[in-house]
K.L.:
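One structure follows; several queries about it will come next.
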Number of protein chains: 2
Amino acid sequence: MNKSRVLRPAPDLPAEEAQAARFEKARLAQSTAVLEDYAELISDLIASEGEARPTDIARRLGVSHATAIKSIARLKREGLATSKLYRGVFLTPNGETLARRVRTRHRLVVDLLLAVGVPQGAAEADAEGIEHHVSDETLRAFAEFLDRK
Amino acid sequence: MNKSRVLRPAPDLPAEEAQAARFEKARLAQSTAVLEDYAELISDLIASEGEARPTDIARRLGVSHATAIKSIARLKREGLATSKLYRGVFLTPNGETLARRVRTRHRLVVDLLLAVGVPQGAAEADAEGIEHHVSDETLRAFAEFLDRK
DNA sequence: TTCTAAATGTAGCCTAGGCTACATTTGTTC
DNA sequence: GAACAAATGTAGCCTAGGCTACATTTAGAA
Ligand SMILES: [Mn+2]
Ligand SMILES: [Mn+2]
Ligand SMILES: [Mn+2]
Ligand SMILES: [Mn+2]
């Protein structure tokens, strides 16, 4: 055993666990970030183009089409999307629900950033990553803040 | 070729590229998030406990010690940390610089969230993920907003 | 109808970051 | 100084999400 463990006062265990819980939450959010971005994008493409094709999805995301197809496979596996061979991608009801939630959240995050004075370009760029870590509770606070303004 | 590509008006290419750039930026930020959290945590542990040991790092992060050791290996590979066999972990000058920057940013993000009305617990939890996606430009806007208040 | 380019799909490779199980070293205690 | 428990390190496995190269299918054009 390391001597320092004995000489040092016991660390604050609850605080340590709370910190670990925060990191775990961030890791969990990260693990669904890709699903969220795909759902939002597929929904956008269907709305604006009438269909969501793997190539278009890939180009918008800046990844290869092979990568996009692999992620679409995960979406299907998780019950968020469907597609038939050589046909476009569609969202299941669960996928649609996710897309709506994600789109709303994305917009609110951008609006909040703009409201506190972040320049347009930075707001739009940073929101793409930030959004996935904004909890419902935080989102509510953002909405209330924007209302008050 | 898909018929719809012909019938549909040409999509706005610059906008598509801009969107891809935003996603790419988010992916890049994600790829350094782990390094940032480790640097910040190692610095905190050295400050508060006098040393940063793999077991303590692992417990604070909520991962196994094997995972922590593997990530520490990456920190070393990237010139951010050093360690000798069975000894604790230390930050290189580059690692220290990173830790300082990350700690400052972390605090600013929490403060900004609190300032717009996010409850303490949610602010601290969400900040752990959000921080990695906050650009310098956005951070500056946060600082100015907090100053104005 | 046939040809051909684009889209789609598949295979196989890589890295990061999780994990468990096992081996080694250390340092305290007896 | 030996024994033991804790810490540290290693090995090997897994999944996600990147990539390139190649195969197949589609659908518009000739
Ligand atoms: Mn996003
Ligand atoms: Mn988004
Ligand atoms: Mn963090
Ligand atoms: Mn942090």
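The chains referred to below are lettered A, B, ... by the order of the sequence lines, with proteins before strands, and numbering in each begins at 1. Only heavy atoms go into these numbers, but all of them, side chains included; no hydrogens, no water, no symmetry mates.
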K.L.:
Given dG17(C), is OP1 or OP2 found less than 4.0 Å from the side-chain N or O atoms of Thr67(B)?
P.N.:
no
K.L.:
Which ILVMFWY residues are connected to Leu114(A), directly or by a chain of links, through side-chain heavy atoms under 4.5 Å apart?
P.N.:
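Val110(A), listed by chain and number.
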K.L.:
How many Å lie between CD1 on Ile72(A) and P on dG17(D), as a whole number?
P.N.:
13 Å
K.L.:
Which pairs, with at least one residue in residues 106-135 of chain A and sequence neighbours excluded, count as a ring-ring contact (aromatic ring centres under 6.0 Å, His included)?
P.N.:
His133(A)-His133(B)
K.L.:
Are any non-hydrogen side-chain atoms of Glu128(B) and Lys25(A) less than 4.5 angstrom apart?
P.N.:
no
K.L.:
Going by atom types alone, do Ser83(A) and Lys76(A) pair a side-chain donor with an acceptor below 3.5 Å?
P.N.:
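Yes, side-chain donor-acceptor contact under 3.5 Å.
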K.L.:
Measure from CD1 on Ile57(B) to C1' on dG17(C) and round the result to the nearest Å.
P.N.:
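Rounded to the whole Å, the gap is 16 Å.
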K.L.:
Kindly say if Ser64(B) contacts the phosphate of dG18(C), meaning a side-chain N or O under 4.0 Å from OP1 or OP2.
P.N.:
no
K.L.:
Would you mind listing the cluster partners of Phe23(B)? Hydrophobic ones only (ILVMFWY), side-chain contacts under 4.5 Å, chaining allowed.
P.N.:
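Traced through the cluster, Phe23(B) reaches Val34(A), Leu35(A), Tyr38(A), Leu41(A), Ile42(A), Leu45(A), Ile46(A), Ile57(A), Leu61(A), Val63(A), Ile72(A), Leu75(A), Leu80(A), Val89(A), Phe90(A), Leu91(A), Leu98(A), Val102(A).
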K.L.:
Tell me if a side-chain donor or acceptor on Thr97(A) pairs with a main-chain N or O of Pro93(A) at a distance below 3.5 Å.
P.N.:
yes
K.L.:
In chain order, what residues pass the salt bridge (charged side-chain N to carboxylate O under 4.0 Å, His left out) check against Arg74(B), with sequence neighbours excluded?
P.N.:
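Listed in chain order: Glu78(B).
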K.L.:
Round to a whole Å and report the spacing from CG of Leu35(A) to P of dT15(D).
P.N.:
16 Å
K.L.:
Identify, with sequence neighbours excluded, every residue that meets salt bridge (charged side-chain N to carboxylate O under 4.0 Å, His left out) alongside Glu36(B).
P.N.:
Arg105(B)
K.L.:
What residues join Ile130(B) in its hydrophobic cluster, counting side-chain heavy atom gaps under 4.5 Å, either direct or through other members?
P.N.:
Leu108(A), Val109(A), Leu112(A), Leu113(A), Val116(A), Val118(A), Ile130(A), Val134(A), Leu139(A), Phe142(A), Phe145(A), Leu146(A), Leu108(B), Val109(B), Leu112(B), Leu113(B), Val116(B), Val118(B), Val134(B), Leu139(B), Phe142(B), Phe145(B), Leu146(B)
K.L.:
Members other than Leu85(B) in its cluster, when Ile, Leu, Val, Met, Phe, Trp, Tyr link by side-chain heavy atoms under 4.5 Å?
P.N.:
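Under the 4.5 Å side-chain rule, Leu85(B) groups with Tyr86(B).
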K.L.:
Using whole Å, report how far CZ of Arg87(A) lies from P of dA6(C).
P.N.:
19 Å
K.L.:
Once you round it to whole Å, what is the distance between C1' of dG9(C) and NZ of Lys84(A)?
P.N.:
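About 17 Å, once rounded to whole Å.
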K.L.:
Sequence neighbours excluded, which residues qualify as salt bridge (charged side-chain N to carboxylate O under 4.0 Å, His left out) partners of Arg87(B)?
P.N.:
none
K.L.:
Rounded to the nearest angstrom, tell me the gap between atom OH in Tyr38(B) and atom C1' in dA16(C).
P.N.:
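Rounding to the nearest Å, OH of Tyr38(B) and C1' of dA16(C) are 11 Å apart.
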K.L.:
In whole Å, I'd like the distance from the CG atom of Leu61(A) to the P atom of dG18(D).
P.N.:
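My rounded result for the distance is 8 Å.
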K.L.:
Please enumerate all residues that pass salt bridge (charged side-chain N to carboxylate O under 4.0 Å, His left out) together with Arg27(B), with sequence neighbours excluded.
P.N.:
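For Arg27(B), no residue satisfies salt bridge (charged side-chain N to carboxylate O under 4.0 Å, His left out) once neighbours in sequence are set aside.
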K.L.:
In residues 21-34 of chain A, which ones come under 4.0 Å of DNA chain D, going by heavy atoms?
P.N.:
Val34(A)
K.L.:
Give me the distances for all protein-to-nucleotides 21-25 of chain C N/O pairs that come in under 3.5 Å?
P.N.:
{"from": "dT24(C)", "atom 1": "O2", "to": "Tyr86(B)", "atom 2": "OH", "distance (Å)": "3.0"}
{"from": "dT25(C)", "atom 1": "O4'", "to": "Tyr86(B)", "atom 2": "OH", "distance (Å)": "3.2"}

K.L.:
Atom CZ of Arg74(B) and atom C1' of dT15(C): how far apart are they, to the nearest Å?
P.N.:
9 Å
K.L.:
Could you identify which residues of residues 75-83 of chain A place a heavy atom less than 4.0 Å from some atom of DNA chain D, listed by residue number, or say none?
P.N.:
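Arg77(A), in order of number.
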K.L.:
Nearest to the side chain of Ile69(B), heavy atoms from C-beta on, is which of dC19(C), dT10(D), dG18(D)?
P.N.:
dT10(D)
K.L.:
Is the phosphate of dT8(D) approached by Thr55(B) (side-chain N or O, under 4.0 Å from OP1 or OP2)?
P.N.:
yes
